[in-house]
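Report on one structure; see the data block that follows.
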Protein chains: 2
Amino acid sequence: MATGRTHRPATRSRGIPEATVARLPLYLRALTALSERSVPTVSSEELAAAAGVNSAKLRKDFSYLGSYGTRGVGYDVEYLVYQISRELGLTQDWPVVIVGIGNLGAALANYGGFASRGFRVAALIDADPAMKGKPVAGMPVQHTDDLERIIEDNGVSIGVIATPAGAAQQVCDRLVAAGVTSILNFAPTVLSVPDGVDVRKVDLSIELQILAFHEQRKAGEEAASDGGPPAAAARKDSADQGPDGDVPAVMPA
Amino acid sequence: MATGRTHRPATRSRGIPEATVARLPLYLRALTALSERSVPTVSSEELAAAAGVNSAKLRKDFSYLGSYGTRGVGYDVEYLVYQISRELGLTQDWPVVIVGIGNLGAALANYGGFASRGFRVAALIDADPAMKGKPVAGMPVQHTDDLERIIEDNGVSIGVIATPAGAAQQVCDRLVAAGVTSILNFAPTVLSVPDGVDVRKVDLSIELQILAFHEQRKAGEEAASDGGPPAAAARKDSADQGPDGDVPAVMPA
DNA sequence: ATGTCTTTGTGAACGCGTGCACAAAGATGG
DNA sequence: CCATCTTTGTGCACGCGTTCACAAAGACAT
């Protein structure tokens, strides 16, 4: 079958809802900023505003971690920073490898947000022999041939794939075989992995396409009610909703 | 405090669920690949496998667009490519500006996935005077001073922010004031925008933190049952599933 | 100590998304 | 023309996530 195993059967990890886990880093960032300003306590309302979420949601999220607040006062910033960090596993060191040192891979290697959160770039790996030894972000690029050894030597369990789409699955297979159990995939492909391996994907093109959808809808609505076409590129053709085909099928890929 | 206006009012845009919209680009990519191999038709089962989703979900998604399939046969690939492209607004040209030409901004400028989908990088903008005129991805970087003019001259409605966190809100405000109504934000900050402006954010650090959470959980479970402290790389195959399946790294605006 | 005021923690209702399972629709073969 | 087979389109049920609204808990002043 070789189906891309990527669906989620509602795994409530350790009782903490997945949606909550996804927001914890957001809270952590806001709390870190408060901590740097030496703010001692914060209310759910204030913190929610800083994180851009509903305050009730924030309180419910925190309730999954435990009762860390004080009624009438709020939450202790430092204590909460520690609790969330611990919950997310950021109190330990996570060696990470980045495979595919093109433009994006290099950008990731230079990205400061990793190191500041307990992640350590253990190695940069590329398939191009010409890249071998070349320093990127103060670190020599290593060749794909040594991938397995690098993973093992450094105890890497998290891998970042920034290769072209064509190479992604092969790289993924090798990473998994070498012991990696979490993968962050930037290649525009559906990765197929065995059970027990987590894959998260970031697709820049998809994000833009979603924006384009909403943008088109806004343009359509505006054109329908208001008469003023805003600027140059406003070619809309809505007339949607034709159950039967209205236009032939040809499209630029 | 001025709350970051970033929540989604359950906008069932035009009756198409947000979750479905987020999957359309996925289907489109799989269909494009089929089209290039000159495959005439495809069943929901096959296409679902290629896109990494459930076949029933895929059929339901398509049902929101209309009845474009033929029972007993499947879907016409070319026709479906066109319909989805039209629905996503990819049949028109979308000029995009990228603000902040650091490592990430440069990587985005060079990213081929944009141009291949109807997006056109209209301008690269940076606040550093030293960058002005410097060619990146075959295009001269322009200075922030000209931001408003560039937006207007090119009819740009989609902006990409790849600046440091500190500058993001300011850049965002200027983009919005100049007429941009959709923003893709790579800066690790919560952006505050007026109603009617869509913001999607991609945060690389957050993605890794979510992976770390699951990784820690896996390690903990293993230690609890197996007892043996894993060597460097943990290897197990317990039946827990990945958290993927939807849109990671992104808060619906 | 007592009352008031602030803020948390959560019960409950609701809506969205998912997946099952099946009837309807059309293709295909005799 | 009828029977059979394939595949779509969808009604329905279920569970997760979100939000409201409020009682409980603690701080603080008198």
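We name chains A, B, ... by the order of the sequence lines, and we start the count at 1 in each one.
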message: Using the side-chain hydrogen bond (donor to acceptor under 3.5 Å, both in side chains) criterion, which residues pair with A/T32? Sequence neighbours excluded.
response: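 side-chain hydrogen bond (donor to acceptor under 3.5 Å, both in side chains) check on A/T32 returns nothing, list empty.
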task: State which residues pass side-chain hydrogen bond (donor to acceptor under 3.5 Å, both in side chains) with A/D61; sequence neighbours excluded, sorted by chain then number.
output: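 Testing A/D61 for side-chain hydrogen bond (donor to acceptor under 3.5 Å, both in side chains), a comparison that skips the adjacent residues, returns A/T20, A/R23, A/Y27.
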Atom pairs, N/O to N/O, protein against nucleotides 25-30 of chain D, distance under 3.5 Å?
| unit_1 | atom_1 | unit_2 | atom_2 | d |
| --- | --- | --- | --- | --- |
| D/dA25 | O4' | A/R71 | NE | 3.4 |

- prompt: Where the side chain of A/S67 is defined as all heavy atoms beyond and including C-beta, which of D/dG17, C/dG9, C/dC20 is the nearest nucleotide?
  reply: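 Among the listed nucleotides, the one closest to the side chain of A/S67 is C/dG9.
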message: By nearest atom, which of the nucleotides D/dT10, D/dC20, D/dT18 is closest to the B/R59 side chain?
response: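 Minimum distance to the B/R59 side chain belongs to D/dT10.
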- prompt: Partners of B/R174 by salt bridge (charged side-chain N to carboxylate O under 4.0 Å, His left out), sequence neighbours excluded?
  reply: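 Partners of B/R174 under the salt bridge (charged side-chain N to carboxylate O under 4.0 Å, His left out) test: B/E148.
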- request: List in chain and number order the residues that pass salt bridge (charged side-chain N to carboxylate O under 4.0 Å, His left out) with B/R59, two or more places apart in sequence or in another chain; answer none if no residue qualifies.
  value: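 With neighbours one apart ignored, the set is empty.
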Can you tell me the distance, in whole Å, between the [atom1] atom of [X] and the [atom2] atom of [N]?
X: A/Y64; N: C/dT8; atom1: OH; atom2: P; result: 17 Å
X: B/I16; N: C/dG17; atom1: CD1; atom2: P; result: 12 Å
X: A/L58; N: C/dT10; atom1: CG; atom2: P; result: 14 Å
X: B/Y68; N: C/dG26; atom1: OH; atom2: P; result: 17 Å
X: A/E46; N: C/dT8; atom1: CD; atom2: C1'; result: 14 Å
X: B/F62; N: D/dG9; atom1: CZ; atom2: P; result: 10 Å
X: B/D61; N: C/dT18; atom1: CG; atom2: C1'; result: 10 Å
X: B/K57; N: C/dC16; atom1: NZ; atom2: P; result: 17 Å

query: Does the A/Q216 side chain pair with the main chain of B/E87, one donor and one acceptor, at a distance under 3.5 Å?
result: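 Judged by distance alone, yes, a pair lies under 3.5 Å.
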query: Which ones in residues 35-45 of chain A lie close to DNA chain C, meaning a heavy atom under 4.0 Å from one of its atoms?
result: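 When residues 35-45 of chain A is checked for heavy atoms under 4.0 Å from DNA chain C, the hits, listed by number, are A/S43, A/S44.
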Under the rule for side chain to side chain contact (heavy atoms under 4.5 Å, CB included), what residues qualify as partners of [X], not counting sequence neighbours?
X: B/D173; value: B/Q169
X: B/S182; value: A/L211, A/E215, A/K218, B/I158, B/D198
X: B/A165; value: B/P188, B/T189

field: Residues in ring-ring contact (aromatic ring centres under 6.0 Å, His included) contact with A/F186, at least two apart in sequence or another chain
entry: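 None.
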task: State which residues pass ring-ring contact (aromatic ring centres under 6.0 Å, His included) with A/Y82; sequence neighbours excluded, sorted by chain then number.
output: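 By the ring-ring contact (aromatic ring centres under 6.0 Å, His included) rule, A/Y82 matches no residue at all.
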- prompt: Does some side-chain heavy atom of B/W94 sit less than 4.5 Å from a side-chain heavy atom of B/R117?
  reply: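 In short, these two side chains do not touch, never coming nearer than 4.5 Å.
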Is there any protein nitrogen or oxygen under 3.5 Å from a nitrogen or oxygen in nucleotides 11-14 of chain C, and what are the pairs?
| unit_1 | atom_1 | unit_2 | atom_2 | d |
| --- | --- | --- | --- | --- |
| C/dG11 | O6 | A/K60 | NZ | 3.3 |
| C/dA12 | N6 | A/K60 | NZ | 3.0 |

message: Does C/dG17 have its OP1 or OP2 closer than 4.0 Å to a side-chain nitrogen or oxygen of B/N54?
response: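 Answer no for this pair, as no side-chain N or O of B/N54 is under 4.0 Å from OP1 or OP2.
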